[in-house]
Protein chains: 2
Amino acid sequence: MPGRRRMMSPGWGGKFRGCGYRMTVPRQAIMDVLSGTDKHLSAEDIYMKVHKMSPDVGLTTVYRTLELLTQMGLVVKFDFGDGRARYELTEGPKSEHHHHLICASCKRIIEYTDFIDEEMEFLKRAEKGLSKKYNFDIKNHIIQFYGLCDKCKNKK
Amino acid sequence: MPGRRRMMSPGWGGKFRGCGYRMTVPRQAIMDVLSGTDKHLSAEDIYMKVHKMSPDVGLTTVYRTLELLTQMGLVVKFDFGDGRARYELTEGPKSEHHHHLICASCKRIIEYTDFIDEEMEFLKRAEKGLSKKYNFDIKNHIIQFYGLCDKCKNKK
DNA sequence: CTTCTTATTGAAAATGGTTTCCATTATCAA
DNA sequence: TTGATAATGGAAACCATTTTCAATAAGAAG
């Protein structure tokens with residue numbers, strides 16, 4: 001096959017290199033895990049999943065890579081109040097746009113995808129306006145509702 | 001002045017007692033600090049301010065009280081990604097409804113109060129719908145935009 | 001006002017997610 | 001292939017937050 005020079009993963013390598021970073025085995029593995037799930041995973045979750053395919057990747061690297069991805073805007077970091085952060089790929093093919101309801105008492109988390117249309121409309125305008133006014137390059141957003149879930153509000 | 005029996009602070013005591021908790025000196029001091037600022041404070045910030053008036057209140061109690069207040073829905077707990085949580089009274093007279101822009105690179109935080117009207121409209125509908133659908137008693141919400149601030153987006 | 005139950009507190013120690021250090025390794029431009 | 005240096009992993013350090021526990025104080029009852 002002449003003329004075909006390593007047309008590998010059209011994937012993430014370019015994204016990394018485009019930002020001045022290198023593509024490495026650990027980073028590829030982490031991207032694979034992130035794009036292979038539709039759940040919000042903790043660093044440890046990701047570490048364990050990565051470990052199955054690439055046992056040499058360390059937890060430290062997972063943390064470093066997640067921080068990098070967050071800065072690049074490819075990943076969103078969530079805090080649900082249980083002491084460990086969760087991470088989600090922004091543009092996952094599987095990941096439907098969603099947000100979270102968090103029970104302030106038992107910390108239960110409900111993912112919802114409702115009202116996204118109305119939300120989109122509001123967000124579009126807000127993002128446009130805010131990025132202009134504050135000269136901010138907005139890449140992601142988080143919306144979280146706090147309250148009491150059905151179980152917690154009916155007890156005590 | 002007969003007939004007047006200690007008509008003290010019409011304040012927070014009732015709120016606490018109404019939830020089955022006691023009103024104490026530390027709790028009163030913490031409420032005073034929270035209602036006396038319009039900034040988002042860390043636990044340590046609050047501890048130090050409380051300490052000026054009530055030197056006996058310990059940091060542990062500050063944490064405990066903040067957790068309590070968060071569960072009661074009187075306080076919102078924020079995570080701006082710098083490793084320490086911030087707390088804000090929900091219904092402060094001073095506190096204008098606002099949200100935050102967070103620079104994913106330098107962690108700078110911009111508070112904005114724009115687009116609140118449109119937001120309110122969206123939130124009103126979302127909260128009503130979500131609380132019904134998921135049988136959730138929604139007390140607060142958080143909206144955060146992540147991206148790069150003007151300084152960070154123009155450098156490497 | 002005194003008593004009693006028990007929620008609350010403070011200090012110190014423990015916890016545990018996340019970061020830092022640093023010597024070694026691997027990426028990729030030349 | 002080579003070389004500059006970005007990236008890595010393991011151990012140790014960090015440090016905000018939580019837990020433990022004996023002492024204290026709130027508030028209902030008498």
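Naming: A, B, ... by sequence-line order, numbering from 1 per chain. Owing to the predicted nature of the structure, the values given are computational and were not obtained by experimental measurement.
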[X] [atom1] to [N] [atom2], straight-line distance once rounded to whole Å:
X: A:D56; N: C:dT24; atom1: CG; atom2: C1'; value: 14 Å
X: B:F16; N: D:dA25; atom1: CZ; atom2: P; value: 19 Å
X: B:Y47; N: D:dT17; atom1: OH; atom2: C1'; value: 15 Å
X: A:L66; N: C:dT19; atom1: CG; atom2: P; value: 10 Å
X: A:M23; N: C:dC28; atom1: CE; atom2: P; value: 9 Å
X: A:E44; N: C:dT19; atom1: CD; atom2: P; value: 14 Å

Output yes when at least one side-chain N/O atom of [X] is less than 4.0 Å from OP1 or OP2 of [N], else no.
X: A:T24; N: D:dT8; value: yes
X: B:R27; N: C:dT9; value: yes
X: B:R64; N: C:dT8; value: no
X: B:Y63; N: D:dT18; value: no
X: A:R84; N: C:dG16; value: no

Quick check on side-chain hydrogen bond (donor to acceptor under 3.5 Å, both in side chains): which of B:K39, B:H40, B:H99 does B:E111 satisfy it with?
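Among B:K39, B:H40, B:H99, the one meeting side-chain hydrogen bond (donor to acceptor under 3.5 Å, both in side chains) with B:E111 is B:H40.
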Quick check for you: among D:dA6, C:dT18, C:dT8, whose closest atom lies nearest to any side-chain atom of A:R22?
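For the A:R22 side chain, the nearest candidate turns out to be D:dA6.
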Which class fits the ring pair B:Y134 and A:Y112: parallel under 30°, tilted 30 to 60°, perpendicular over 60°?
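Ring orientation, 0 to 90° scale: tilted.
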5'-most contact on DNA chain C (nearest-nucleotide basis), B:G81 vs B:G58, goes to B:G58
Let me know, please, whether A:K77 or B:T60 comes out on the 5' side of the other along DNA chain C by nearest nucleotide.
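With A:K77 and B:T60 compared, the 5'-side residue is B:T60.
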